[in-house]
Amino acid sequence: MRLFVNVDHVATVREARRTVEPDPTEAAVLAEEGGADGITVHLREDRRHIQDHDVERLLRIARGAVNLEVAAEETVLSIAERLRPAQVTLVPEKRQEITTEGGLDLGPASRGRVRGAVTRLRAAGIRTSLFVDPVPEVIAACADLEADAVELHTGEYSNADESERDGQLTRLASSAELAAQLGLAVHAGHGLTYENVGPVAAIEVCEELNIGHSIVSRAIFVGIAKAVEEMRHAIDTARAEG
Ligand code: PXP
């Protein structure tokens with residue numbers, strides 16, 4: 001199980017003052033020291049946290065893979081094509097949202113736009129993942145689009161109360177199985193914490209988790225390397241126990 005650490009919220013603190021610290025790329029180096037396999041950053045169209053220069057610097061200094069999250073929009077797709085990170089995850093984006101809400105819309109009206117983005121990224125030699133809700137028809141659409149991977153949106157699982165959690169976990173596990181059967185690599189993320197990551201980490205076909213807010217929150221108290229180490233431990237323990 002690969003752990004990708006999302007360092008957007010280090011940049012959120014910096015942008016609160018429009019200054020130079022804390023530096024998300026410095027956090028990335030420390031996250032790798034703590035056991036992150038890769039670093040995720042979301043280059044939002046409104047540039048509310050990560051900036052273009054962060055992505056450029058991250059690609060120079062990261063030892064592991066960089067997963068760049070972008071919307072399927074020209075302004076950011078062309079940056080992805082130029083910078084060529086190892087992986088791009090296409091995400092939906094709304095200006096007013098606090099964080100990414102819901103997975104990509106792959107209905108008839110928007111599928112063509114996503115298909116165009118996948119084709120462009122593939123031509124640039126970039127592995128492409130689609131951030132989607134755990135819904136069978138949507139997973140099938142991702143296979144039709146010939147993406148390399150799906151990132152299953154774990155937000156509803158994370159927000160579920162105790163009575164709903166098992167149902168949400170079953171949705172994630174069966175979507176993961178379907179994706180794997182259709183030849184897609186399976187990733188997951190959003191809202192995962194030290195407390196709720198275990199059952200998702202135990203989904204055997206899932207090979208990558210993207211986690212940001214919980215790790216950055218913990219890092220305020222224990223430092224980023226230690227916070228990542230603790231998450232790694234939670235994931236590895238759940239995985240070993242099945
Ligand atoms: N995956 C995607 C596609 C996201 O947009 C985000 C949030 O930026 C995450 C994972 C990480 O979510 P969280 O910060 O809640 O761990």
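For this chain, numbers begin at 1 and follow the sequence in order. Atoms considered below: every heavy atom in the structure, side chains included; atoms not considered: hydrogens, waters and symmetry mates. Remember, it's 1-based here, ligands and their atoms both numbered in the order they're listed. Nothing here was measured: the structure is a model prediction, and the numbers come from that model.
In this view, Asp148 satisfies the side chain to side chain donor-acceptor pair (under 3.5 Å) rule with no residue, not counting sequence neighbours. Applying the salt bridge (Lys or Arg N to Asp or Glu O under 4.0 Å) criterion to Arg218, with sequence neighbours excluded, gives Glu230.
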Before you tell me yes or no, could you show the steps for Ile79 and Val55 under side-chain contact (heavy atoms from CB on, under 4.5 Å), namely the whole-Å CA-CA distance, both residues' side-chain angles and the distance that decides it to 0.1 Å?
CA-CA 10 Å; Ile79 293 172; Val55 185; 5.8 Å; no
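Contact atoms of ligand 1 toward Asn210: 10 (C), 11 (C) (distance under 4.0 Å to a heavy atom of the residue). Ligand 1 places these atoms under 4.0 Å from at least one heavy atom of Gly191: 12 (O), 13 (P), 15 (O), 16 (O). Counting atoms of ligand 1 from 1 in the listed order, those under 4.0 Å from a heavy atom of Val91 are 3 (C). With ligand atoms numbered from 1 in the order given, ligand 1 contributes 13 (P), 14 (O), 16 (O) to contacts under 4.0 Å with heavy atoms of His213.
Scanning His187, His49, Glu151 for the heavy atom closest to atom 10 (C) of ligand 1 points to Glu151.
Between the side chain of Asn196 and the backbone N or O of Gly191 there is at least one donor-acceptor pair closer than 3.5 Å.
Backbone and side-chain nitrogen or oxygen atoms of Gly212 are examined, and one is located within less than 3.5 angstrom of a nitrogen or oxygen of ligand 1.
Between Asn6 and ligand 1 there is a heavy-atom distance shorter than 4.0 Å. Distances from ligand 1 to the non-hydrogen atoms of Ser214 include no value under 4.0 Å.
With no hydrogens or angles considered, no side-chain donor-acceptor pair links Gln87 and Ser129 at under 3.5 Å.
The side-chain tip of Arg171 does not point at the ring of Tyr157 from less than 6.0 angstrom away and within 45° of straight on.
Relative orientation of the His190 and His153 rings is tilted, given thresholds of 30° and 60° on the angle between their planes.
The residue His9 has no part lying near ligand 1, judged by heavy-atom distances below 4.0 Å.
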